[in-house]
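Quick notes on the structure that follows.
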Amino acid sequence: MITQLHVDIFFYFIKTSDFCGLFPVSGKNDMEHVISKKLQLKRKAEHLKSDLMRQLDSQVNDFMDSLIEESASLDPTPVASALYCRKQFVSRRSLLDELFEVNHIRTIYHMFIALLILFILSTLVVDFIDEGRLVLDFDLLVYAFGQFPLVVCTWTCMFLSVLMIPFTLFHLWSHTQCASYSHPKLYSLLFGSVFGIYQALGLGFLPAYVVVTNSLPPASCFIIIMEQVRLMMKSYSFVRENVPRVMTWSKDKTMVPKISHYLYFLFAPTLIYRDSYPRSPVIRWGYVATKLLQVLGCLFYAYYVFVRLCIPQFRSISLQLFDLKAMVLCVFNSILPGVLVLFLGFFAFLHCWLNAFAEMLRFADRMFYKDWWNSTSYANYYRTWNVVVHDWLYYYVYRDFLWMSQKRFRPAAMLFVFTVSAVVHEYILAICFGFFYPVLFCLFMCFGMMFNFILHDQRKGPIWNIIMWTSLFLGQGVIICLYSHEWYAQRYCPLKEASFLELLKPRSWSFHINQM
């Protein structure tokens with residue numbers, strides 16, 4: 001293994017060596033040539049040293065990450081103690097930050113920027129031909145983020161309620177578990193019921209009611225509903241992590257967390273509560289500004305994807321007969337915008353947005369995702385695509401299910417995790433789009449479960465990675481095609497009688513039947 005000592009010795013040799021004996025010295029020109037060669041060799045040695053140390057640092061980080069994951073996955077303890085197995089947070093960088101230091105990988109990033117420039121130019125040219133002038137109104141973005149003051153007000157109310165109510169309920173409940181209080185289980189049932197009612201009504205029903213009654217546009221809906229789900233998961237994690245601590249205390253009052261710890265957790269880019277996390281020494285404000293600008297760039301990128309690739313296609317399809325042939329063509333034509341939206345969502349949120357908040361909070365564990373693009377199985381893809389959500393599902397749904405069932409129903413636990421994830425995803429889309437069309441739910445529960453067992457971790461080799469990417473691209477095409485067609489069907493085919501069954505039935509089916 002190449003160490004720092006080896007590199008320093010090599011660099012010292014280069015720096016102090018006398019190269020005069022290597023070249024024939026015959027006058028001033030030869031001496032200048034020798035000095036030039038020496039300086040050139042020193043510069044090469046400096047580059048070699050930095051490259052070697054960067055590769056060594058990357059390899060050590062990868063080794064330590066794998067060692068921590070393997071040690072955390074070992075379970076020599078009895079089943080009764082499985083409840084207390086915890087996620088380990090360590091200081092580490094995001095994978096794309098490391099990969100972008102390689103020029104070959106950064107070139108791919110430059111290619112996407114070039115594609116954005118072409119989208120912008122094509123839009124400007126088409127608008128100039130059609131309108132005779134440059135059109136820079138961004139009407140789609142203005143519509144998508146409409147009623148933004150209401151969004152800010154709703155988020156503020158949600159955040160303040162999550163900050164005060166769960167912490168206050170937990171603090172009051174913790175005091176009832178002391179020896180001076182009788183019937184602690186009764187108090188646990190009481191406070192647990194109040195917390196459940198708050199989760200279901202105060203944090204679950206009211207934000208959705210605000211979204212539906214005010215007919216918020218899609219992007220504004222996504223902000224409120226995504227924040228609703230995030231805050232519900234965070235408040236549950238806070239209670240779930242601290243209840244076992246209180247149940248095992250005697251008279252140690254320090255077991256109750258401070259509100260400052262809880263407040264930091266509400267902003268931290270993780271869904272697993274800890275009193276403290278690894279912290280970076282300084283805040284790199286230039287890095288924060290870069291990531292926020294990249295989020296803004298991805299937002300405009302998505303705008304041009306929809307303007308150039310989606311809206312013209314689905315606006316024309318909605319006025320035609322949507323038979324099997326039209327649907328197949330629509331799916332394949334939707335693969336490119338679907339894949340671009342997938343990449344943009346991943347890069348904007350899981351990399352840029354979370355890293356920006358992690359940097360501002362000096363949150364040092366930046367493993368928000370892993371190398372999901374190298375997956376040869378859907379089981380590995382589900383684990384590596386979104387590590388933040390996967391950790392919450394693994395520790396609070398999958399492991400708790402196994403703990404309650406004494407580890408006897410692992411397939412049922414996996415099915416339960418898939419069901420919870422599919423229901424939440426479909427709930428988000430249904431509220432934000434304003435219609436119920438369980439395409440994503442069916443893909444999760446049918447094809448997702450099937451591929452999870454067919455393309456399992458034993459599948460290795462490039463062919464399985466190709467199969468995974470092919471199915472992923474096709475799935476994105478199906479999602480973009482069916483949801484976009486249903487969106488336009490909802491606009492062009494209003495209901496005459498809004499019965500409950502008619503609201504559940506996709507409007508594009510009725511639109512198709514009426515055309516037939």
Side-chain angles (χ1 to χ4, degrees), residues 108 111-112 114-116 118-123 126 140 218 298 301-348 372-378 381-382 385 422 425-426 429 433 435 437-452 454-455 462-493 506-513 515-516:
I108 301 176
M111 293 167 59
F112 277 91
L115 185 60
L116 172 61
L118 292 178
F119 275 131
I120 296 175
L121 289 177
S122 65
T123 304
V126 170
L140 181 62
C298 290
Y301 207 137
Y303 165 79
Y304 284 108
V305 167
F306 280 102
V307 167
R308 300 305 305 157
L309 300 179
C310 292
I311 292 179
Q313 175 187 184
F314 293 106
R315 183 175 290 167
S316 62
I317 289 178
S318 62
L319 302 176
Q320 301 172 4
L321 179 63
F322 195 66
D323 54 6
L324 180 60
K325 178 182 176 181
M327 187 184 74
V328 171
L329 292 176
C330 175
V331 168
F332 282 99
N333 290 333
S334 302
I335 288 178
L336 177 58
V339 171
L340 289 176
V341 169
L342 176 71
F343 289 160
L344 290 172
F346 161 74
F347 184 75
W372 57 269
W373 47 86
N374 292 327
S375 298
T376 56
S377 67
Y378 267 87
Y381 169 76
Y382 291 140
W385 159 258
H425 279 80
E426 193 58 48
L429 294 182
F433 289 155
F435 55 80
Y437 197 17
V439 176
L440 190 61
F441 181 84
C442 295
L443 290 178
F444 255 98
M445 295 305 297
C446 299
F447 295 100
M449 283 292 294
M450 180 179 66
F451 285 145
N452 186 66
I454 296 177
L455 300 180
I463 185 62
W464 297 106
N465 182 251
I466 295 174
I467 294 174
M468 193 277 296
W469 274 110
T470 303
S471 58
L472 187 63
F473 285 175
L474 188 59
Q476 289 299 121
V478 170
I479 291 173
I480 291 293
C481 171
L482 296 184
Y483 278 112
S484 298
H485 188 255
E486 178 66 18
W487 172 272
Y488 279 99
Q490 294 277 334
R491 269 76 191 147
Y492 290 129
C493 184
R507 196 76 53 84
S508 56
W509 295 2
S510 303
F511 189 48
H512 170 69
I513 292 173
Q515 287 181 333
M516 292 292 289

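Computation of the quantities below employed the complete heavy-atom set of this structure, encompassing side-chain atoms and omitting hydrogens, waters and symmetry-equivalent molecules. Keep in mind that what you see is a predicted model, and the values were worked out from it rather than measured.
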Donor-acceptor check, side chain of S484 to backbone of C481, threshold 3.5 angstrom: yes or no?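 Flag not set: sc S484 to bb C481 has no pair under 3.5 Å.
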Give a yes or no answer on whether the side chain of Y301 reaches the backbone of F112 with a donor-acceptor pair at less than 3.5 Å.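 Checked: pair present.
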Residues in side chain to side chain contact (heavy atoms under 4.5 Å, CB included) with F441, at least two apart?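 Once residues adjacent in sequence are excluded, the partners of F441 under the side chain to side chain contact (heavy atoms under 4.5 Å, CB included) criterion are A422, V423, E426, P438, M445.
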Starting at [atom1] of [X], measure out to [atom2] of [Y] and round the result to the nearest 0.5 Å.
| X | Y | atom1 | atom2 | value |
| --- | --- | --- | --- | --- |
| N465 | N374 | CG | CG | 6.5 Å |
| F433 | E486 | CZ | CD | 11.0 Å |
| W464 | S375 | CH2 | OG | 14.5 Å |
| W385 | F346 | CH2 | CZ | 6.5 Å |
| L115 | M111 | CG | CE | 9.0 Å |

Could you work out, with ring-ring contact (aromatic ring centres under 6.0 Å, His included) as the rule, every residue matching F306, not counting sequence neighbours?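 Applying ring-ring contact (aromatic ring centres under 6.0 Å, His included) to F306 gives none.
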Minimum-distance pair of heavy atoms, taken over all atoms of L472 and W372: CD2-CZ3, 4.4 Å
Decide side-chain contact (heavy atoms from CB on, under 4.5 Å) for T470 and I466; before the verdict, give the C-alpha distance in whole Å, the side-chain angles of both, and the deciding distance to 0.1 Å. CA-CA 6 Å; T470 303; I466 295 174; 4.0 Å; yes
Between F119 and V307, is there a side-chain heavy-atom distance shorter than 4.5 Å?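 Side-chain contact under 4.5 Å: no.
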Classify the ring geometry of Y382 against Y378: parallel below 30°, tilted from 30° to 60°, perpendicular beyond 60°.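 Ring orientation of Y382 relative to Y378: tilted.
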Just list the side-chain donor-acceptor pairs under 3.5 Å for residues 327-343, sequence neighbours left out, or say none.
residue	atom	partner	partner atom	Å
N333	ND2	L329	O	3.1
S334	OG	C330	O	2.6

May I have the step-by-step check of side-chain contact (heavy atoms from CB on, under 4.5 Å) for L440 and Y483, ending in yes or no? CA-CA 9 Å; L440 190 61; Y483 278 112; 3.7 Å; yes
Could you give me the CA-CA distance, side-chain angles and deciding distance for I311 and Y488, then say whether side-chain contact (heavy atoms from CB on, under 4.5 Å) is met? CA-CA 10 Å; I311 292 179; Y488 279 99; 3.6 Å; yes
Assess the pair F314 and W487: is the distance between their ring centroids shorter than 6.0 Å? no
